[in-house]
Amino acid sequence: MKKMIGLLTLITISCQSKEKEQEQLISEIKEPVKMEIEKGLEIATFGGGCFWCTEAIFLELDGVKKVESGYTGGKTENPTYEEVSTGTTGHAEATQITFDPNKISFGELLEIFFATHDPTTLNRQGADIGTQYRSEIFYHNDEQKKLAEEYIKILDAENTFGKPVVTKVSPAGKFYVAENYHQNYYARNKEKSYCSYVITPKVEKVRKQFAGKLKK
């Protein structure tokens, strides 16, 4: 297990420094995602820091049909990015992943989730600080809950990270899709400084460490 999972160096560039152009974009009213998915597909929802990073990572994987960046786990309805960024809504930046379990399992998604962020820092990923950056698994059924809890127990038993895992395991609630400019952000903005310094190393790690699970 230890060989499969490694920690990234804590990031020193903050998501809060995202380009000023975003401040000028008009926030869109969002509705909770309806859980109507194609037969045979499943959904996983993870919070693991800035959703630009997590979205880019999971889009690389064979069997992943769709990844949406959004907000979940909080109390504010139809939250905007600006509201979530204050840390007062209770929402986490999260990715909702639609996947084919015949090609990639929930357990494999968990493996990659834990390998590509730091699950030992409470409400923080590198320099990104706040409850919106917390590590959390939002389960959609009892099997996902069981797998997530057992996986965390194994990581702690093996002392994989040298510190206890603080990742929360919570029932999935309303998921609000983020504004359009957040979707597929990395693919459209690779030249941006945040993408090149923070996201690209994560994507390259996945391509190297999980080469057998990538889209052809």
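Two rings, from Trp52 and Tyr186, have their centers 6.0 Å or more apart. Checked against the 6.0 Å centroid criterion, the rings of Phe46 and Phe138 do not qualify as a close aromatic pair.
Looking at heavy atoms from C-beta onward, Asn184 lies out of side-chain contact with Val67 at the 4.5 angstrom threshold. The shortest side-chain heavy-atom distance between Thr88 and Thr76 does not fall under the 4.5 Å cut-off.
Panel note: side chain Glu108, backbone Ser105; a donor-acceptor pair is recorded below 3.5 Å. In this structure, Lys75 contributes its side chain and His91 its backbone to no donor-acceptor pair below 3.5 Å. Although no hydrogens or angles enter the test, the distance criterion places no donor-acceptor pair under 3.5 Å between the side chain of Arg134 and the main chain of Glu136.
If you check the side chains of His140 and Thr45, you find a donor sitting under 3.5 Å from an acceptor.
Taking the charged nitrogens against the carboxylate oxygens, Glu149 and Lys145 do have a contact shorter than 4.0 Å, which makes a salt bridge.
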Where do Tyr71 and Tyr176 land on the ring pair (Phe, Tyr, Trp, His ring centres under 6.0 Å) test, with the steps shown first?
CA-CA 5 Å; Tyr71 318 113; Tyr176 297 93; 8.0 Å; no
Go through the steps to decide whether Lys215 and Glu60 satisfy the test salt bridge (charged side-chain N to carboxylate O under 4.0 Å, His left out), and finish with yes or no.
CA-CA 6 Å; Lys215 291 174 179 168; Glu60 294 279 312; over 6 Å; no
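Among Ile152, Thr120, Leu155, the single residue meeting the side-chain contact (heavy atoms from CB on, under 4.5 Å) criterion with Thr167 is Ile152.
Grouping the Ile, Leu, Val, Met, Phe, Trp and Tyr side chains by contacts below 4.5 angstrom, directly or via other members, places Phe113 with Ile57.
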